[in-house]
Every structure is written in C-alpha cells, then in structure tokens.
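Numbers restart at 1 for each chain; the letters A, B, ... are given by sequence-line order, proteins then strands.
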Protein chains: 2
Amino acid sequence: MAVDSVACADCPLRAVAIFKQLPASEVALIQSLRHAQMHRPAGAILIEEGSNYPSLYTLFGGWAFRYMSLSDGRRQILNFLLPGDFIGLQQNIAGGASHGVEALTDVWLCPFPKDTLWELHRQAPELGYDITWLAAQEEGVVDNNLLSVGRRNAKERLATLLVILFKRAAALLPTAKRTEVPFPLTQVHIADALGLSLAHTHRTLRALEQLGLHRIRDGWLSLPNPLAIARVADIWGDGVPEQRPLI
Amino acid sequence: MAVDSVACADCPLRAVAIFKQLPASEVALIQSLRHAQMHRPAGAILIEEGSNYPSLYTLFGGWAFRYMSLSDGRRQILNFLLPGDFIGLQQNIAGGASHGVEALTDVWLCPFPKDTLWELHRQAPELGYDITWLAAQEEGVVDNNLLSVGRRNAKERLATLLVILFKRAAALLPTAKRTEVPFPLTQVHIADALGLSLAHTHRTLRALEQLGLHRIRDGWLSLPNPLAIARVADIWGDGVPEQRPLI
DNA sequence: CGACGTGTTGATCTCTCTCAATTAGAGTGG
DNA sequence: CCACTCTAATTGAGAGAGATCAACACGTCG
C-alpha cells in the first residue's frame with residue numbers, strides 16, 4: 001500500500017470492476033481538484049464530531065466508520081467506509097448531521113478542498129449526478145442499519161452485518177480471492193454498530209460461529225454457508241450495486 | 001388545501017421562510033418538468049417497497065413516511081416526510097435502498113418524470129447541487145434516528161422524536177402559531193419509528209405526559225417544557241437547517 | 001514489568017416484549 | 001336509530017432478550 005500520490009488516471013481502484021469507468025476529461029477534472037494523498041493511522045479521527053465544514057476525502061485505502069455519540073459517551077456507528085467511499089459529504093454540504101469519522105485501520109486518503117462539491121457540479125454535471133448517487137447510496141446503507149437495529153434481534157443483526165460487509169469487501173477483491181475478506185472490526189465496533197452491549201455481542205458471535213455461519217480469524221472473515229447466514233439475516237437481494245461512481 | 005396545479009412561481013410553500021429563494025429561471029425549469037399536482041388519501045402507498053425506478057415527487061401538502069420491512073412483517077419507519085420534502089431520490093437514483101413510502105395523511109404531490117434528476121443536474125448545476133443537499137440532509141435525519149434506536153432508551157427515543165418533529169413542523173408554520181403543531185402519527189407509527197413495541201410505546205408516552213413533557217390531543221402536539229424534553233432527549237443543536245432548497 | 005486493549009465468561013437484573021382483553025369512538029348499512 | 005365492524009388507545013400479567021457489573025486471560029508495547 002505504498003502510495004506517493006498516484007495520478008487519478010492510474011488509480012488502481014479505478015481498475016476494480018465495481019467502479020464505473022469515467023471519461024478521461026472527468027478524471028482529469030478530479031485530478032485537478034485533488035490534493036496529494038495522505039496517510040492516517042488506525043484510530044485517528046478523520047472528521048471531528050460536530051465540525052461544520054470539514055475537508056472532503058475519497059477513501060483510497062483502509063477502512064473507516066461514521067459515528068454519532070450522546071453526551072454520556074454512548075456511541076452509535078452509522079456505517080462503515082471502505083475503499084472508494086466518499087467522506088465528508090453530509091457535513092460539508094448540509095450542516096445537518098454532526099457525525100464523526102474515525103479510521104478503523106491505517107487509511108490513505110485523497111483530500112479535496114471544501115468547494116469541490118460545487119465545482120464538480122458546476123464543471124461536470126455527470127460528476128454532480130454521481131455525487132448525488134453516492135449520497136443516496138450511503139443513505140441506503142444507513143436505512144438498512146436502521147432496519148436492523150430497530151427490528152432485528154441480536155442474531156439477525158449480526159448475520160446481516162456480516163453478510164453485507166462480506167459482500168462489500170469481496171467486491172473489492174479479484175473474483176478468485178473472494179473466499180475470505182479482510183475484517184478489521186473489533187467486537188466493540190460490532191456492538192456499537194448494532195446497538196448491542198459488548199457482552200451480548202460476544203455471546204451472539206459465538207453462537208453464530210457454533211452454527212457454522214461465520215469464521216473470523218486474524219482479521220479475516222469467511223462465511224462457510226452464505227445461504228444459511230443470509231437466511232438468518234432475512235436478506236434477499238445482494239445490496240451491492242453492480243457499478244458505482246468513484247470520485 | 002384545494003389545489004388545482006398552482007404554478008411553481010406562486011407556490012405557497014416557497015413563501016415559507018425556511019425555503020431558499022430561487023432565481024425565476026430555475027423555478028421556471030422546475031415548472032417545465034413538473035406534471036399536474038395529484039392527491040392521494042391517507043394510507044396510500046406512494047412508492048412500493050422494492051420498486052426499482054418509481055416516480056419522483058415533491059411533497060406539497062400532508063405528511064408521509066419512508067419505511068422498510070422484513071419478510072415476516074416487522075416494519076421500521078426510517079423517517080417522516082413533511083411538506084417540501086423530496087420523495088423517491090434513493091430508489092430512483094441508486095437502486096440500493098428498497099424502501100417504501102406511505103401517506104400518513106391525505107397528501108398532495110408534485111410529480112416529476114424519472115429523468116428529472118438528471119435534467120436538473122444538466123440544465124442547472126445549482127439545482128443539481130440542491131438535490132445533493134437534500135439527499136445529504138435526509139441522510140442526516142436517518143443518522144439521528146439510528147442513533148436513537150441504537151443507543152437511546154425508550155423515554156429518550158420518544159423525547160427525541162417529539163422534539164425533532166415539533167421543530168420540523170413548527171418551521172412550516174407562521175412564527176406566531178408555533179405553540180402547537182399538527183401531529184398525525186398514531187402510536188403504531190411512533191412504535192415503528194422507534195423500534196419499540198406498541199404496548200411499551202404507549203406506556204412510555206403516558207410516562208412522559210405525566211412528567212408534563214408533552215401533550216398530544218386531537219392530532220396536535222405541544223411541548224409545555226421544551227428545555228426539559230430536549231434535556232431528556234440529549235439534544236443540543238436544533239437540527240433544523242435555517243434554509244433548505246425546495247425542488 | 002505494569003498498563004492497556006481485546007476477548008471471554010458468569011451472575012444478576014431490568015427494560016421491553018408478548019399475549020390477551022377491554023374500552024372508546026367513527027363509520028356503515030339496514 | 002341500532003347492530004356491527006374497525007381502528008386506535010389502553011391496561012395487566014408474565015416472560016425473556018439483552019444489559020449491567022465484575023472478573024480473568026492473553027498479547028503487545030513503552
């Protein structure tokens with residue numbers, strides 16, 4: 001993952017099948033707005049909760065998550081961010097949601113100045129449309145999490161999270177290597193994402209493992225029986241869009 | 001609420017202070033894309049859960065809500081839609097979130113053809129930017145709900161919902177009339193929005209009422225002690241943006 | 001070596017759910 | 001005008017999923 005500001009045109013992410021191909025002119029526009037790539041260690045706060053107009057980033061490498069917390073420290077993880085995800089949209093554009101963003105692993109970021117959103121819309125309507133697409137897509141992910149936390153029990157929530165993260169992570173890997181995917185979450189992250197206590201998360205995790213529905217070892221996740229765990233999760237479609245824009 | 005396709009330029013909603021003023025040219029563009037206004041009764045399904053590229057609407061009058069459900073019937077309300085909200089963004093733009101939309105009261109809608117999103121982006125970057133703003137804003141609302149459902153207990157959830165809905169509804173009223181706001185939700189809606197059972201929702205509602213934190217009568221909500229209920233909800237900012245775009 | 005993060009596990013408690021009934025309008029049709 | 005139906009609100013009793021609290025094990029790291 002050694003990165004010395006790879007040019008957007010040569011971006012290895014763009015070679016991954018899930019990302020939509022862009023015309024060279026649009027890639028050039030993105031390149032012209034972008035700053036040099038930067039690195040942040042695992043655990044770093046990428047966007048402070050409550051900050052009003054923070055920077056924008058494309059997550060180039062590593063995982064992160066968005067979260068909100070209550071004044072007494074209770075924290076809810078809203079969704080996880082994987083390579084290719086765009087960071088800072090909500091805060092930058094609509095002061096509304098005052099969530100924070102934290103690096104789950106070491107991350108590499110492509111930073112953009114604050115007025116990038118407007119420039120993209122103005123100079124390339126297609127990219128403006130793509131930004132809207134990304135916003136709508138991320139809301140869909142949060143919708144799913146809300147359904148889980150509101151109406152699924154602990155086993156179902158866990159199954160849902162594992163299935164969805166597996167699919168998202170697998171989509172970034174070469175087809176041949178999709179038997180297991182990187183899984184950097186600790187049980188604390190899982191608990192905070194699912195609205196469960198740490199103890200209960202642990203017990204439920206063990207219960208599902210005993211049923212042969214998942215296996216997490218050394219930061220890798222595999223799903224020995226994808227159909228069975230999807231059935232527990234009550235998921236029909238696959239949830240991962242065929243192709244998505246990459247800004 | 002008699003409506004025979006009021007022209008966008010004369011739209012009474014645009015006169016409300018929370019809505020951003022648009023240049024006449026942009027209002028004209030919106031008008032040119034829009035179909036004649038339509039009415040739907042309370043309880044009508046405006047967008048079927050799982051439908052792929054449904055119509056787009058601006059909610060002109062009445063309340064609605066977005067929801068998702070599990071195969072056994074459990075339902076989660078994702079967020080409520082009030083006049084001025086844009087409907088159908090997520091499904092239309094990113095096949096991702098397969099949620100439904102249901103009318104909570106009788107509603108009046110301004111329908112737009114499916115390619116409107118793209119046309120707005122292409123013909124008026126400012127409006128494209130506004131669309132993105134709306135998407136980001138709505139995601140912020142869902143973020144808040146996820147925080148509630150994941151990490152707040154029943155009393156806190158209820159307090160949060162009442163405070164936020166009160167503010168959103170009040171912003172649509174003349175300043176002088178903001179002591180009470182329309183409140184068309186039944187306890188079933190509240191329960192489904194908060195991830196609680198109906199019975200517990202009812203008991204918690206009564207408990208908060210006994211504390212003098214709210215009063216719901218004949219479809220109207222008032223908050224006798226706004227500071228106290230906001231304290232229970234653990235809300236600091238006001239959550240309602242000063243000005244928002246109206247498409 | 002002590003501090004810390006992460007995982008693990010037991011015991012106990014309680015918030016919230018489930019199930020079941022009852023009451024009170026509002027609407028409908030004869 | 002009355003039986004009938006339906007929705008929404010209400011209330012009680014009992015049960016259970018998940019929370020809380022408290023230890024302990026293990027590995028890493030300064």
Side-chain angles (χ1 to χ4, degrees), chain A residues 41-44 63 65 70 72-77 102-106 148-162 183-210 214-221 232, chain B residues 41-44 63 65 70 72-77 102-106 148-162 183-210 214-221 232:
Chain A
W63 288 33
F65 60 88
L70 297 174
D72 66 358
R74 281 174 286 176
R75 180 179 72 167
Q76 176 67 37
I77 290 182
E102 181 176 326
L104 190 55
T105 66
D106 277 29
S148 273
V149 173
R151 290 308 188 197
R152 281 192 246 245
N153 65 31
K155 276 187 190 175
E156 296 166 338
R157 287 184 214 183
L158 207 25
T160 305
L161 179 74
L162 294 180
F183 192 79
L185 319 206
T186 67
Q187 294 184 2
V188 174
H189 297 118
I190 299 177
D192 281 349
L194 300 183
L196 297 171
S197 72
L198 178 56
H200 198 58
T201 298
H202 174 255
R203 280 186 260 258
T204 307
L205 209 40
R206 284 295 82 80
L208 286 191
E209 186 181 38
Q210 231 102 78
H214 76 85
R215 181 191 158 87
I216 299 175
R217 285 288 179 286
D218 305 318
W220 290 82
L221 164 69
V232 172
Chain B
W63 289 33
F65 60 89
L70 297 175
D72 64 359
R74 281 175 285 177
R75 179 178 75 167
Q76 176 66 36
I77 290 182
E102 182 177 326
L104 190 54
T105 65
D106 276 29
S148 273
V149 173
R151 289 309 189 196
R152 283 191 246 245
N153 64 33
K155 276 188 191 173
E156 296 166 339
R157 288 184 214 182
L158 209 22
T160 304
L161 180 73
L162 295 180
F183 192 79
L185 317 207
T186 68
Q187 293 183 4
V188 174
H189 297 119
I190 299 177
D192 281 349
L194 299 183
L196 296 172
S197 72
L198 178 56
H200 198 57
T201 298
H202 174 255
R203 280 186 259 260
T204 308
L205 210 39
R206 284 294 82 80
L208 285 191
E209 185 181 40
Q210 230 102 76
H214 76 85
R215 182 190 158 87
I216 299 175
R217 285 288 180 286
D218 304 318
W220 291 82
L221 164 70
V232 172

Open item on the list: If I take atom CD1 in residue B:I216 and atom C1' in nucleotide D:dT10, what distance separates them, rounded to the nearest angstrom?
Closed with: 15 Å

TODO: Nearest whole angstrom, please: distance from the P of D:dA8 to the CG of B:D218.
DONE: 16 Å

TODO: Could I get the full list of side-chain hydrogen bond (donor to acceptor under 3.5 Å, both in side chains) partners for B:N153, not counting sequence neighbours?
DONE: none

- [ ] Measure from CZ on A:F183 to P on C:dT6 and round the result to the nearest Å.
- [x] 14 Å

Open item on the list: Rounded to whole Å, how long is the line connecting atom CG of B:L194 with atom C1' of C:dC17?
Closed with: 15 Å

Task: For atom NE2 of B:H202 and atom P of C:dT16, their distance in whole Å - done: 16 Å

Task: Side chain B:R151, main chain A:R74, donor-acceptor under 3.5 Å - done: no

TODO: Between protein and nucleotides 15-24 of chain D, map the contacts as a letter string: B base, S sugar-phosphate only, - none, heavy atoms under 4.0 Å, written 5' to 3'.
DONE: ---BSB----

Open item on the list: Among A:R215, A:R203, A:K155, A:R217, exactly one meets salt bridge (Lys or Arg N to Asp or Glu O under 4.0 Å) together with A:E209. Which residue is that?
Closed with: A:R217

- [ ] Would you confirm whether B:D106, through its side chain, and B:A42, through its main-chain N or O, come within 3.5 Å as a donor-acceptor pair?
- [x] yes

Open item on the list: Checking the side chain of A:H189 only, and the main-chain atoms of A:T186 only, is there a donor and an acceptor separated by less than 3.5 Å?
Closed with: yes

Task: Heavy-atom donor-acceptor pair, A:H214 side chain to A:L205 backbone, under 3.5 Å - done: yes

TODO: Run the numbers on A:L70 and A:Q76 for side chain to side chain contact (heavy atoms under 4.5 Å, CB included), then give the verdict.
DONE: CA-CA 9 Å; A:L70 297 174; A:Q76 176 67 37; over 6 Å; no

- [ ] Figure out the CG/C1' separation between B:L205 and D:dA9, and round it to whole Å.
- [x] 10 Å

TODO: Starting from P on C:dG7, measure out to CD on A:Q187 and report it in whole angstrom.
DONE: 5 Å

Look for any protein N or O under 3.5 Å of an N or O in nucleotides 21-27 of chain C and output each such pair with its distance, or none.
none

Task: Non-hydrogen side-chain atoms of B:L194 and B:L161 separated by less than 4.5 Å - done: yes

Open item on the list: I'd like to know if the side chain of B:T105 and the backbone of B:W63 have a donor-acceptor N/O pair within less than 3.5 Å.
Closed with: yes

Task: Atom pair distance, as rounded to whole Å: CG in B:L158 and C1' in C:dT16 - done: 14 Å

